Amino acid sequence: MNADLLAGLNPEQLRAVTWPAKSALVLAGAGSGKTRVLTTRIAWLLSTGQASPAAILGVTFTNKAAREMQTRLSAMLPVNTRTMWIGTFHGLCNRMLRIHYRDAGLPQTFQIMDPGEQSSAIKRLLKILDVSDEKFPPKAVAAFINGNKEAGRRAGELSAHDSYTRKLIEIYAAYDAQCNREGVVDFAELLLRCYELLSRNAALAEHYRNRFRHILVDEFQDTNLLQYAWLRLLAGSDAALFAVGDDDQSIYAFRGAEVGNMRSLLADYGIEGPVRLEQNYRSVGNILTAANALIEKNDGRLGKNLWTDAGEGEPIRLYEAYSDGDEAEFVCDEVKALVREGWNLSDMAVLYRSNAQSRALEHALVNAGLAYRIYGGLRFFERQEIKHAMAYLRLVSNPDDDNALLRVINVPARGIGARSVENIQTLSREQGVSLWQATCGASGGRSAGKVAAFVLLIEELRAKVELLTLAEMISLIIDRSGLRALYEADRKEGEERLANLDELINAAAGFMPDDPAQEMVEFLTAASLEAGEHQADAGSDALQLMTVHAAKGLEFDAVFVSGLEEGLFPHENSLNDSKGLQEERRLMYVAVTRARKRLYLSSAQSRMLHGQSRYPIRSRFVDEIPQELVHELAGKKAPQRAPAKAPWLTEAMPAWASPKGGDYGGFHIGQSVGHAKFGIGMVVSAEGSGSDVRLQINFAEHGMKWLDLRYAKLTAQ
DNA sequence: CCAGGGCTGTCACTA
DNA sequence: ACAGCCCTGG
């Protein structure tokens, strides 16, 4: 059996798999068989009797990776994977917190807030604290709270010299108090709470340390400080911490990932050096040479050079479009040509830096009649109808969940408007009770009867919990809440929403809880932690569209990397920052290494962004790829009204600056104009031609406006 | 006081 | 293109 397991591994892979029972760092390049090494390592540990399944802890970042590990493992060995703990950081922490909820100071049915729910909880809190959400934008508050939690810091441990930060700390403390009151935890809290549970409870930590002798971590470069601390706590001084990662693919600094954890691991566990997996089984030589050349520009790398024995392959194709629309059409044309040659649509992917870019592509794809699928668009559990139904379910599970109550108290509209809700909130604050309790006591006011009806609805649902299956419960919720009627009346989107709700009932019917008594809570938890789970029709043959981030870990025969422009990729927020730029370069490295056979790089000379035309220059990353690997494709002729390349556009000029000289309905960029209402202003950009021209004008008194020349009366000054 | 329709500002990546 | 806000009629 051993021989079978190890057959076909290359020497480095073999060295990693059969590494002795001590800590290790495996530096696994893109396409180097990382998942295979991880799963074979576990299988090897089990089959050689070095470890029992219960001694294995496998940690990943995505549910998909966790599931893949489990399926591959059960294909290799007849093991009972149930006693093995394999899951995501969040999933595993959740599991521990559910078991030890009392020690962790949580209600048994605690619920998990996704970022959207966290944001609404923060907005609600700011209102209660009477803090201006202009001075303290909810996004910034969330970033402050999450950033500190990810570094393991509670509000009580923080101090500040400036009043602004002091206020943030105050908000952080109040936020935690609110979450505790409502019995909810956010994503970062899941980890921090679990870390605190283990670090404060020596007996418990000892129990898990004795159990998990082998801790295997996937995508280690993406761990943040707290996750690494959590791993160290569980590993203690004896367990083998087997970490697999690639510092060149670290692209999650924005959510707290610390590439430095890789060096820390080497130092903290006295590991002499990483095992390097450099043979690539995915891409042709030219693609790897390009990737190697690109990433070499970064410093502080652990260092690695991908190679293949697959041959050079085709040159990398480069296309410079005159506009985002032209770029999209180019992609469509090439895709069609490849399909004619016999390639599968689903083996091709279009990658972009930011989601906003997908629109121009979609438009062109629809026109070209090509099937496509967008990854990470609106996910199943993020749809409003699903969120509504789930909020009812949460309320049934835990009526003190204020977020859930606020979401559905007036959905469908039942005559409990903003004013009534405000009254209930005031009541709850005055009496120090949850919104639900306040709602039950809200007998006064104009909508008292309507509030009473809502209370009755929830109580009716709660009374049936013991009698119904989960699927029946959800079905009842959809009917009795009026959601079904609401969407039946909606001619435009109702049908699709009803279908999604039916799909939710199906999902509930097929749900397999670990503990049937906790089915509802487990279902809600799974929905929060597996937000990206239900992607639409995965089976159909469709072109794949996604962000570079979403593409990590995936591979395709042909890959289009689009929007290679300064300010877009690399993103403008990273342009002036060396660390940020290096992260962007790693992102580009990830994008390039997704391709097996053919790689296209494209850019546009003009692009609509934030409602304005921009005239960017080509991304530096294109130039960092050796010329001899690249074949530049001839572009179309730009039509008259679209400006040709704008070489005079430098970083000193604002990004929205347009080329001078163009005539737009008798006006030109840079011209001073007068308007009856807005006064004097300057034309800063324009779009359209002939009689259909819109000008963007910066008015001295009234700021930036877009005006349509057909309606606006402008005078030259 | 509530519901629904039009308007304005915004838009990096995510478990 | 979408969400959040304001305005209007009931």
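Throughout, protein chains are lettered first and strands after them, A, B, ... in sequence-line order, and every chain is numbered starting at 1. Just so it is clear, the structure is predicted and the values come from calculations on it, not from any experiment.
- Residue-to-nucleotide proximity on DNA chain B shows that, of A:A413 and A:H549, the 5′-proximal contact is made by A:A413.
- Rounded to whole Å, the distance from CZ on A:F61 to C1' on B:dC13 is 15 Å.
- Residue A:R586 is out of contact with every strand shown, counting any heavy-atom pair closer than 4.0 Å.
- Stacking of A:Y252 onto the six-membered ring of B:dC13 is not present when judged by under 5.5 angstrom between centres and under 30° between planes.
- A close approach under 4.0 Å does occur between a side-chain nitrogen or oxygen of A:N355 and OP1 or OP2 of B:dC13.
- In this structure, A:I416 places its CD1 atom 14 Å from C1' of B:dA3, rounding to the nearest Å.
- Using a 4.0 Å heavy-atom criterion, one finds that A:N410 contacts the sugar-phosphate atoms exclusively.
- Residues satisfying the side-chain contact (heavy atoms from CB on, under 4.5 Å) criterion with A:A257, sequence neighbours excluded, are A:Y252.
- Following rounding to the nearest Å, A:D114 (CG) and B:dT14 (C1') show an atom-to-atom distance of 12 Å.
- Atom P of nucleotide B:dT14 and atom NE2 of A:H571 are separated by 12 Å, given to the nearest angstrom.
- When heavy atoms are screened at a 4.0 angstrom cut-off, A:Q227 is found touching no nucleic acid atom at all.
- B:dC11 atom P lies 15 Å from atom CZ of A:R353, rounded to whole Å.
- Phosphate contact (OP1/OP2 of B:dC1, side-chain N/O of A:S420, threshold under 4.0 Å): absent.
- The side chain of A:S354 approaches B:dA12 more closely than any other nucleotide in the set B:dT14, B:dA12, B:dA15.
- Side chain of A:S603 to backbone of A:G563: no donor-acceptor contact under 3.5 angstrom is found.
- A perpendicular orientation is assigned to the rings of A:F144 and A:Y172, their planes being inclined by more than 60° (bins at 30° and 60°).
- Among B:dA15, B:dG4, B:dA12, the nucleotide with an atom closest to any side-chain atom of A:S574 is B:dA12.
- The distance between atom OH of A:Y352 and atom P of B:dT14, rounded to the nearest whole Å, is 9 Å.
- Around the CD atom of A:E488, the shell of radius 6.0 Å holds more than 12 heavy atoms that belong to other residues, nucleotides or ligands.
- Spacing between atom NZ of A:K387 and atom P of C:dA3 amounts to 13 Å, rounded to whole angstrom units.
- Distance from the side chain of A:F254 is smallest for B:dC13 among the nucleotides B:dA15, B:dC13, B:dG4.
- Across the protein-nucleic acid pair, A:M113 atom CE and B:dA15 atom P stand 18 Å apart, rounded to whole Å.
- Contact annotation: A:T547 reaches the phosphate of B:dT14 (side-chain N/O to OP1 or OP2, under 4.0 Å).
- A donor-acceptor contact shorter than 3.5 Å is absent between the side chain of A:E196 and the backbone of A:R193.
- A:R419 comes within contact range of the sugar-phosphate backbone alone, with a heavy-atom separation under 4.0 Å but no base atom that close.
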